[in-house]
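Structure first, commentary second.
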Amino acid sequence: MKRFEIGANDAGQRLDKFIVKAVPRLPKSLLYKYIRLKRIKVNGKRAEISTRLEPGSVVEAYISDEFFQPTAPRYDFLSAPARLDLLYEDDNILLADKKQGLIVHPDEHEYRDTLITRIQRYLYEKGEYDPADEHSFRPALANRIDRNTGGIVIAAKNAAALRMLCDKIKSREIEKRYLAVAHGLFTKKHALLEGQLTKNEEKNQVFLTRSATAGSRTVRTEYTVLREKRRPDLSLLEVNLLTGRTHQIRAHLASIGHPLLGDGKYGVNQADRRMGFKHQALYSYRLTFRFQGDGGVLEYLNGKTFQVPKVWFAEELFDYALLAEE
């Protein structure tokens, strides 16, 4: 028998989800059977699969010792590079300035060098995160951006912060602004674009139409022209996402004849590469916490704005220096 005392990082989970993480060797078929047969209890009593764990609860697992056999710890994140560009950090969160070309989570092509593995290594070496001390939690990202987009990504150091961040992002109480370089000169220097976006999962590409179609979703993208450059005609934009869909900025601007510089999926990539741009000129450069309701453990962040100090393409192409936030 093994006892698990539920701490703050484990609280709020369903019983079955917790056991999957805490006892990874236990097959799911046995997990559900043992819960049904009361061989997995909460506070000495029978529990349902959907029982939500509370701080201070005790989970007792009366199962074979073979499922608890210890293995020598081998943390893959320690193979990640130590480099991490931090914009802000406190006891609950950190804001990372992700550079273009780095993916945020492991995929089938890259497992070790990702933003989240770099963050986990950083926190482990600081002594703020040790997998051996956690039953189920690990530092996690609350938002994500594409490999070839740069900018601010929020990481949660504990479960309470992660839950609050996910809630505030879902209710759009965290505002993100982007800098972008688009081909061409805009007739309207400020506009609100609206359209219907449909995603092709097979091609990992989205399409914009004016009228709704099966499976389409409404998207709204606001832009402001900050600077213009001729020969070639390029425009530096600040973009505000009023909805947040896959590839929204890239596809929306391309749909009105202004694809992003360096965008290989929606733009004129062959010509852009000859100019030396292999990543799209898009950067999530400013983030503001605008909580409408209680911010819980993150209430102290309400009203605060964070901004990256430099965006390479703004300076290189337009000699545009960002003003520091007060």
More than 12 non-hydrogen atoms from neighbouring residues, nucleotides or ligands closer than 6.0 Å to [atom1] on [X], yes or no?
X	atom1	result
Lys99	NZ	yes
Arg217	CZ	no
Glu228	CD	yes

With ring centroids as reference points, do [X] and [Y] lie under 6.0 angstrom apart?
X	Y	value
Tyr223	Phe186	yes
Phe318	Phe313	no
Tyr124	Tyr75	yes

Smallest separation among heavy atoms of [X] and [Y], with atom names:
X	Y	value
Tyr320	Leu226	OH-CD1, 3.7 Å
Arg227	Asp319	NH1-O, 3.7 Å
Asp10	Ser136	OD1-OG, 2.7 Å
Asn43	Ser57	OD1-CA, 3.4 Å

Inset, instruction - Could you list all the side-chain hydrogen bond (donor to acceptor under 3.5 Å, both in side chains) pairs where at least one residue sits in residues 240-262, not counting sequence neighbours? - result: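 Sorted pair list: Asp146-Arg250, Thr221-Gln248, Thr221-His252, Glu222-Asn240, Thr243-Gln248, His247-Tyr266, Arg250-Asp263.
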Inset, instruction - Ignoring hydrogens and angles, state whether a donor on the side chain of Thr213 or Thr198 is under 3.5 Å from an acceptor on the partner side chain. - result: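 Judged by distance alone, the side chains do pair up.
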Inset, instruction - Determine whether Phe137 and Leu123 fall in the same hydrophobic cluster, where Ile, Leu, Val, Met, Phe, Trp and Tyr are linked whenever their side-chain heavy atoms lie under 4.5 Å apart. - result: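 No, because Phe137 and Leu123 fall into different hydrophobic clusters, even though each may have its own neighbours under 4.5 Å.
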Inset, instruction - Decide ring-ring contact (aromatic ring centres under 6.0 Å, His included) for Trp312 and Tyr285; before the verdict, give the C-alpha distance in whole Å, the side-chain angles of both, and the deciding distance to 0.1 Å. - result: CA-CA 11 Å; Trp312 63 274; Tyr285 85 109; over 10 Å; no
Is there a donor-acceptor pair closer than 3.5 Å between any side-chain N or O of [X] and the backbone N or O of [Y]?
X	Y	answer
Asn158	Asn9	no
Gln100	Asn148	yes
Lys38	Ile35	no

Inset, instruction - Hey, could you give me each pair passing salt bridge (Lys or Arg N to Asp or Glu O under 4.0 Å) that has a residue in residues 114-142? Not counting sequence neighbours. - result: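 Checked against salt bridge (Lys or Arg N to Asp or Glu O under 4.0 Å) - neighbours excluded - the pairs reaching residues 114-142 are Glu89-Lys126, Asp113-Arg118, Arg121-Glu125, Lys126-Glu128, Glu128-Lys157.
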Inset, instruction - Test side chain to side chain contact (heavy atoms under 4.5 Å, CB included) on Asn204 and Asn200 and set out the steps. - result: CA-CA 6 Å; Asn204 189 31; Asn200 184 317; over 6 Å; no
Legend entry - Test salt bridge (Lys or Arg N to Asp or Glu O under 4.0 Å) applied to Lys41 and Glu60, step by step: CA-CA 5 Å; Lys41 302 179 181 181; Glu60 297 172 323; 5.7 Å; no
Legend entry - Shared-cluster residues of Leu185, by chain and number - hydrophobic side chains joined below 4.5 Å: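 Leu185 shares its hydrophobic cluster with no other residue.
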